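Please read all numbers here as calculations on a predicted model, not as lab measurements. By convention in this document, chain letters (A, B, ...) are assigned in the order of the sequence lines, proteins followed by strands, and residues within each chain are numbered from 1.
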Amino acid sequence: MRKYLFILSAFTIVAAACAGILDHASAQGAPTQLMVTWQADTYVPNGFQGKIMPASDSRILIGVDLISLGKRVDLSSYNVYWYIDENFYQGAAGLSRISLSAPHLIGENSIAVRVLIKDYGSGIGKTITIPVVMPEAVIQSSAPSLAASAAPFRLQAYPYFFNVRDPSQLSFDWTLNGASVGNQNPLMITREMADKGPARIKLNLMNPARVIERITQELSVFK
Amino acid sequence: MKRILIIVGVLILAVVAVTVGVLLRDSGARPTDTSGPLPTTGTLPIAGNDGGGGNPSGGTNNGNGAQDGAPTSGNALPIAGISAVAQAAVIDYVVNPGGVTFIASNGAIISASSTEAIGQANFGDILDARFSPDGKWLLVKSGDSNLISWNLLDIAKKTWKGIQANTAEMVWSQSGNQLAYFANRSNANSLDVYTPATGATKTLLTLSAPDLRPGWKDASHIFIMDRPTSLVAGTIWEFGVNAGALTPFATDAAGAEILWGGAKSGGLLFRAGPTSGALTIVDSAGITTQSASFLTLPSKCVFGESAATSTITDISDYLFCAIPQNQQMLQSSRLPDDYLKGKFGTADTLYAINLARGTLAPIIPASESFAFDAANLKVYGENVYFVNRNDRKLYKVSLSALPVSTGPATDGS
């Protein structure tokens, strides 16, 4: 009888301890993790709710936080090492933020960023990939088609991910059926302009300060 | 012998007490579920095939050649069950017992019932404006991306005051008595909460990780999220305001967006793929309980959680979603990036999805003469409200024809 009581007592104690541990762990969060995020410094139109992407040569701010048992760990006494595309970039005690430039390359590519905290426990690290994109432009019209437009047909280009502070620093070059029709944004197309033939509109958009930042967007407008 | 039995009894009581404590702690943070549990797992039904391939006869050309299935005949009301609340271009609105109040793009703050301006936001270029959910405050963001100003209108007193906050985004709590935001500091960002009634600001958390945005889960929990893109997989974190604890809520989620529905203690989570994406209903712990086989974005949905404002008895069982008729276009797009950039618009059908039964039905049928791209949906009384991105006007849809599900539940029940 005493034997059974002893087993029951031991089981009860272990169960109580486990419940306490589980409760503590659940309340405090998951085991140690690194939170690594980044921020690019390219232009996007006001109100854009998505992620601002870096383009060639863009400045990128990257930060890391160490979350252990639900709490942010003060990294000031830990050496934080950063590697870009597997090459050592920077390292210092408490270096939780770095800034770098996206590579000077034409076209889409990416950067592999690894952060390593060697002296926290047995060491912890994380690698993220930052996409580097080509600038873009989205063109929106005032009506579904020229035919549906009572007033002058209005085309507005919204540039994304250029290395400028303001779209006025960009060069807009619109052509209609191959002929230049203006450098302003938005562009107004009158019936007379459009009646000269099929309405094929092209926008050449570039950053004059950085010639590799240029895009061409073509569209047809139904007549 | 008796002493041993007493010790064992005490230990058993301790285990029971700890177990009950754990269970109560888990449930304590959740709003009360007044209408029963969600189905544990399952698939929400497919939206109707009313235009799955879009309208081949025309479509709104957004300038990039994107066809969204919208009829070419433009928007023409009346359509049974739907009406325009305001003819002005609307930035935001609120519905409460006093009626509908909105802020127009020119800064005029107008009560829809009187059409009389109750205020005017004169702060230069208005970048955004958001009413508190209780309708007591209006937050106005103005300036430009290099210098943003924040001003707050006490609607009852009709007085303005500025908020000193170095941030690009502030988010109202569900109760409307607090604003959460990430403040930019010299070498970090702090998660701050501002209380309009007192003007007090409290820092809850400081992070080195940049470019995060907050979203309220409930009064004591805040989601911390990356800005959404299909190109980057991130983590949605949940921050407990009282305990100060950070826990991962959804991991390895690209383009993640979440719409939280308090009455159900669950949310609608979007995860992007290389193109397209998927919607799931998740519970309070982030566990998937239902999967949707249709596609839309959480920003085009609203939970019918405000049972107190509606006579529809099971309103909190419903999720209302504006589902783009052209599902193929969504499937081939980068989401949410392309939609957020305005690369395409949508022509939506508004559906009522009964989460308890797993049923789905259109509230108003797809119209040949009224195409809307719904955003900023709200439910109040017997109506769903939304802003149409096509003309930026505010519309109201009657729920009087809300289908009553009498048959057996389909998937997900």
Side-chain angles (χ1 to χ4, degrees), chain A residues 1-2 5 8-9 12-13 15-16 19-20 22-23 26-30 33 35-39 43 46-53 61-65 67 69-72 75 96-97 128-131 133 136 138-141 144-145 148 155-156 158 160 165-166 217 219-222, chain B residues 1 4-5 7-8 11-12 14-15 18-19 21-22 25-26 58-65 70 72 74 125 127-128 144-146 169 187-189 205-213 224 226-229 231-232 234-235 237 240 243-248 255 299 336-337 340-343:
Chain A
M1 183 61 185
R2 277 191 177 183
L5 283 172
L8 183 60
S9 302
T12 309
I13 291 166
L22 287 173
D23 180 47
S26 175
Q28 295 302 308
Q33 295 193 43
M35 177 192 289
V36 186
T37 65
W38 50 269
Q39 182 170 19
Y43 174 81
N46 172 56
F48 177 60
Q49 297 290 314
K51 184 76 175 173
I52 301 173
M53 309 302 292
L61 174 68
I62 310 170
V64 61
D65 290 287
I67 312 299
L69 297 175
K71 299 292 184 185
R72 179 182 186 246
L75 291 177
S96 58
R97 273 190 169 185
I128 63 165
T129 301
I130 301 176
V133 304
E136 299 176 35
V138 174
I139 303 174
Q140 293 186 341
S141 58
S145 68
L155 289 171
Q156 173 124 26
Y158 295 91
Y160 286 86
R165 304 298 301 173
D166 189 281
Q217 189 95 35
L219 57 127
S220 294
V221 181
F222 305 127
Chain B
M1 179 65 185
I4 292 172
L5 285 172
I7 291 169
V8 170
L11 288 172
I12 289 172
V15 171
V18 167
T19 306
V22 168
R25 188 209 67 227
D26 285 345
T60 300
N61 190 322
N62 72 348
N64 288 322
T72 54
D125 292 337
L127 304 178
D128 197 12
D144 59 43
S145 57
N146 300 316
E169 184 176 5
N187 198 33
N189 297 324
L205 176 70
T206 300
L207 293 171
S208 295
D211 208 22
L212 296 167
R213 61 192 172 118
I224 295 175
D226 280 307
R227 297 189 184 281
T229 173
L231 298 176
V232 178
T235 298
W237 296 80
L246 265 174
T247 51
S299 61
D337 308 57
L340 294 175
K341 288 175 193 163
K343 279 190 172 180

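Interatomic distance, CZ of A:Phe48 versus CG of B:Asp337, reported as 6.0 Å (0.5 Å rounding). Atom-to-atom distance recorded for B:Leu231:CG and A:Thr129:OG1 is 11.5 Å, nearest 0.5 angstrom. To the nearest 0.5 Å, atom CD1 of residue A:Ile52 and atom CG of residue B:Asp211 are 6.0 Å apart. Between the CD1 atom in A:Ile67 and the OG1 atom in B:Thr235 there is a gap of 11.0 Å [rounded to 0.5 Å].
The two residues B:Ser208 and A:Val64 make their nearest non-hydrogen contact at CB-O, 3.4 Å. Nearest heavy atom pair, residue B:Pro248 against residue A:Gln33, reads CG-NE2, 3.1 Å. Taking both residues in full, the closest heavy atoms of A:Gln49 and B:Arg227 are given as O-CB, 4.2 Å, listed atom of the first, atom of the second, then distance.
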Taking it one step at a time, do B:Leu207 and A:Arg72 satisfy side-chain contact (heavy atoms from CB on, under 4.5 Å)?
CA-CA 8 Å; B:Leu207 293 171; A:Arg72 179 182 186 246; 4.0 Å; yes
Taking it one step at a time, do A:Asn46 and B:Asp125 satisfy side-chain contact (heavy atoms from CB on, under 4.5 Å)?
CA-CA 11 Å; A:Asn46 172 56; B:Asp125 292 337; over 6 Å; no
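A:Thr37 places a side-chain N or O within 3.5 Å of a backbone atom of B:Pro210 that can act as its donor or acceptor partner.
For a residue to count as touching a neighbouring chain, one of its non-hydrogen atoms must lie under 4.5 Å from one of that chain's; by this rule A:Gln156 does not touch chain B. Contacts between B:Asn187 and chain A at a heavy-atom distance below 4.5 Å involve backbone atoms as well as side-chain atoms. Heavy atoms of A:Tyr160 lying under 4.5 Å from chain B belong exclusively to its side chain.
Taking B:Asn189, B:Leu212, B:Ile224, B:Thr206 one by one and counting their heavy-atom pairs under 4.5 Å with chain A, the maximum is reached by B:Thr206. Of the residues considered (A:Gln39, A:Arg97, A:Lys51, A:Glu136), A:Arg97 shows the highest number of contacts with chain B, using heavy-atom pairs under 4.5 Å.
Between B:Leu246 and A:Met35 there is a side-chain heavy-atom pair separated by less than 4.5 Å.
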